[in-house]
**Student:** 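First the structure, which I've put down as structure tokens, then a few questions once you've had a look.
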2 protein chains.
Amino acid sequence: MSFRRKPTLNDIARESGHSIATVSRALSQPALVQPDTLQRIRDVALRLGYVPNRKARALASGHSDTIGVVVPTLNSPIFSSTLQEMQRACAANGYQLLIASHEYDPASEAAALGQLLSHGVDGLAVVGAERPQASWAMIEAANIPIVQMWEGREGHDRVIVDSFQAGYLVARYLLDIGHTRIGVICGRLQSNDRQQARVNGIRAALQEEGLPLARTQISEQPLTIAAGRSGCTTLLEMVPRPSAIIGTADLLAIGGMIEAQARGISVPSGMSFAGIDNVDVAAHLSPSLTTVDIPAASIGTETAALLLRRLTERAPEAEAAIRLPITLVVRHSTARPDRP
Amino acid sequence: MSFRRKPTLNDIARESGHSIATVSRALSQPALVQPDTLQRIRDVALRLGYVPNRKARALASGHSDTIGVVVPTLNSPIFSSTLQEMQRACAANGYQLLIASHEYDPASEAAALGQLLSHGVDGLAVVGAERPQASWAMIEAANIPIVQMWEGREGHDRVIVDSFQAGYLVARYLLDIGHTRIGVICGRLQSNDRQQARVNGIRAALQEEGLPLARTQISEQPLTIAAGRSGCTTLLEMVPRPSAIIGTADLLAIGGMIEAQARGISVPSGMSFAGIDNVDVAAHLSPSLTTVDIPAASIGTETAALLLRRLTERAPEAEAAIRLPITLVVRHSTARPDRP
DNA sequence: AGAAAATATGAAAGCGTTTACATAACAAGG
DNA sequence: CCTTGTTATGTAAACGCTTTCATATTTTCT
């Protein structure tokens, strides 16, 4: 094995007796060169084991074949499946995913955005619309296609689900089957417009029945099963005790349900539990979890498709707002309350 | 808002009256310029809203401040937490993660590796050691630090866990408490050395007792809860029926356990279930799942640390093989068998 | 004070591509 | 046969930054 440095276009040009320009064209726009030269150049390239240098290509051409994604966390079944689908779609079209996460910290998100933009991503996908003015300014300045996922404001493309409606649906269902004392375990509301919207949806449903949603009915927690358990513990001290608990994320609802069962409360006869997300495990729990299905994977698919479209279109189309449907999935963790 | 193009070093040079070289130094090696010029340049840079162009920087300097990671799938609690930690550590040191996944397909993995290398990543993290010769050749040729995660062969740095031992531990435990008819639900074995090793570990433990591990005792499945259920269904047809089932991934064990319960088999009194991974939910199931803890997050942390060290060290240190401890976690999904 | 060493800056040559623009060759149209 | 169009190739100028080398300036030492 020789320790020659990597072959470049120049090497191929020299070896093949063609100019570097022709070589470049042969490799990236084969239609522009004659079949036999094309063949000769390709042979040499193969023999030398040429691999294009995308840094140089990016610098010269202005695009990097790279799409940036900023998510709150990688460690979530929801964002994972979105990312998985984005990755699939992007890879299939020759794009790489540059992924950053920020743990729900606006400052970290700003830093991540800065990094991605300075890396010259061709497109950007972000979660939600709530971010400091400075972050939005950076995005504007970059002047590249951007898609907001989950939540999104006017002004940019977006692939969204109605989180408010998700909250509303699940609360409305519990009310409909007779619950009036409802507790809520939700994620940290600050800098998280999805969680805010879900809680607001719940509040709206309660208000329709003239019921308030007091602070004492809500427990704000990190988004883990363990946190769901402790949230449940807190809510169990409400007087009167809630007859149903909504977790604004399945993990919270699952944790809550487990905690209740551990304390000898039977679900759903003693207490109902419902979540939002419809994670994989929800269908398999005992009892299976009533929840609202959020098409996380589709968000990834649609976002990638939209971004790829923007990256190839000639005349900019109108702003897109793709709204994906959510559906209440009634399972066995909810039932009519004992008696009021 | 003007539509000026992005400011470059040249713009700053002109505005500040310094040479572009000095400006470059001021921005990337501040120690080399005098305090007052430094100040002046920084002021101008700030005023112009200068953002360095990493593509150009990468081309000129030869490194991209980017680390490539190739995982089988993003949609797995295990890899998610590894990635999450890598992301955290890398971001803290100014590196971005370029993530690719390949759904356990060697060809896709090769393609992904090619993309990442051609993007000029400064370092690489991959899962496992089993890949086509051609893929290894590409990696060698790139001549950048690489870390194998989970499994790894000699020849490159690695941060590994003993998957064989994981399988062995859980099987040994079941044997110790008296089980002799053991079924296994495992992931696809092809191109997945972790799954292979886990199964081999189980086989080794059985052999110590003179027990075989026949093909009929094994059900190979995708790595999902639903697949675990169907794997369990298959194994229940073994005669005699197994008294314990090992899922070589928690998701499989969980699925299996749920299926058994759905069929009226009580766990663990009627049948024992054990997994490997120790995913979040395992501790909270009913019954809680006996499993082997795999420090997925630590793998991420250690890999990132190792990679970052390699990227800054002067003299290349000796090859590192960091072996992280795994531990059997006995919970309530396992018990002595009824009677032989 | 003079020589040697350290420090701060500038000029310019890349880094490996892409891409106008120019040129040459060749086919078609009158 | 000469003009006009095509088509294939080459020349050279970016792209925005880093970095070597040379130069000018200041400090340190004898």
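Naming: A, B, ... by sequence-line order, numbering from 1 per chain.
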**Student:** Mind checking what makes side-chain contact (heavy atoms from CB on, under 4.5 Å) contact with Glu140(A), not counting sequence neighbours?
**Tutor:**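 side-chain contact (heavy atoms from CB on, under 4.5 Å) check on Glu140(A) returns His156(A).
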
**Student:** So, using side-chain contact (heavy atoms from CB on, under 4.5 Å) as the criterion, who are the partners of Leu32(A) when residues are at least two apart?
**Tutor:**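 Testing Leu32(A) for side-chain contact (heavy atoms from CB on, under 4.5 Å), a comparison that skips the adjacent residues, returns Arg25(A), Gln29(A).
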
**Student:** List the residues meeting side-chain contact (heavy atoms from CB on, under 4.5 Å) with Ser118(A), not counting sequence neighbours, and say none if there are none.
**Tutor:**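 Expected list: Val51(B), Arg54(B).
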
**Student:** When you check the phosphate oxygens OP1 and OP2 of dG10(C), does a side-chain N or O of His18(B) lie under 4.0 Å from one of them?
**Tutor:**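 For dG10(C), OP1 or OP2 has a side-chain N or O of His18(B) closer than 4.0 Å.
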
**Student:** Protein-nucleotides 6-8 of chain C N/O pairs closer than 3.5 Å?
**Tutor:**
from	atom 1	to	atom 2	distance (Å)
dA8(C)	O3'	Gln34(B)	OE1	3.1

**Student:** Using a cutoff of under 3.5 Å, can you pull out all pairs of nitrogen or oxygen atoms linking the protein to nucleotides 15-19 of chain D, with atom names and distances?
**Tutor:**
from	atom 1	to	atom 2	distance (Å)
dC15(D)	O2	Ala60(A)	N	3.3
dG16(D)	N2	Ala56(B)	O	3.4
dC17(D)	OP1	Tyr50(B)	OH	2.3
dC17(D)	OP1	Asn53(B)	N	3.4
dC17(D)	OP2	Leu9(B)	N	2.5
dT18(D)	OP1	Arg57(B)	NE	2.9
dT18(D)	OP2	Ser24(B)	OG	2.6

**Student:** Quick check on the helix from dA1(C)-dT30(D) to dG30(C)-dC1(D): what's the angle between its two end axes, five base pairs per end, to the nearest 10°?
**Tutor:**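 Between the first-five-pair axis and the last-five-pair axis there is 30°.
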
**Student:** Can you name the residues that form a side chain to side chain donor-acceptor pair (under 3.5 Å) with Arg42(B), not counting sequence neighbours?
**Tutor:**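 By the side chain to side chain donor-acceptor pair (under 3.5 Å) rule, Arg42(B) matches no residue at all.
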
**Student:** Among residues at least two apart in sequence or on other chains, which ones pass side chain to side chain donor-acceptor pair (under 3.5 Å) with Glu109(B)?
**Tutor:**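 Partners of Glu109(B) by the side chain to side chain donor-acceptor pair (under 3.5 Å) criterion, ordered by chain and then number, come out as Arg131(B).
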
**Student:** Could you give the CG-to-P distance, from Leu48(A) to dG16(C), as a whole number of Å?
**Tutor:**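 It is 14 Å, rounded to the nearest whole Å.
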
**Student:** Only pairs under 3.5 Å count here: list side-chain donor-acceptor contacts from residues 299-306 of chain B, not counting sequence neighbours, and write none if there are none.
**Tutor:**
from	atom 1	to	atom 2	distance (Å)
Thr301(B)	OG1	Ala297(B)	O	3.0
Thr303(B)	OG1	Ile299(B)	O	2.6

**Student:** Scan residues 71-88 of chain A for pairs that pass salt bridge (charged side-chain N to carboxylate O under 4.0 Å, His left out), counting only residues two or more places apart or in two chains.
**Tutor:**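 Residue pairs with at least one partner in residues 71-88 of chain A: Glu85(A)-Arg88(A).
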
**Student:** Asp105(B): what forms a side chain to side chain donor-acceptor pair (under 3.5 Å) with it, not counting sequence neighbours?
**Tutor:**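 Partners of Asp105(B) under the side chain to side chain donor-acceptor pair (under 3.5 Å) test: Ser108(B).
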
**Student:** Taking side-chain contact (heavy atoms from CB on, under 4.5 Å) as the test, write out the residues that go with Ala56(B), two or more places apart.
**Tutor:**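 Scan of Ala56(B) (side-chain contact (heavy atoms from CB on, under 4.5 Å), adjacent residues dropped) gives Leu59(A), Asn53(B).
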
**Student:** Could you give the CG-to-P distance, from Leu27(A) to dG16(C), as a whole number of Å?
**Tutor:**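 Leu27(A) atom CG is separated from dG16(C) atom P by 15 Å.
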
**Student:** Side chain to side chain contact (heavy atoms under 4.5 Å, CB included) with Ile146(B): which of Leu307(B), Leu124(B), Leu113(B), Val121(B)?
**Tutor:**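 The passing option is Leu124(B).
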
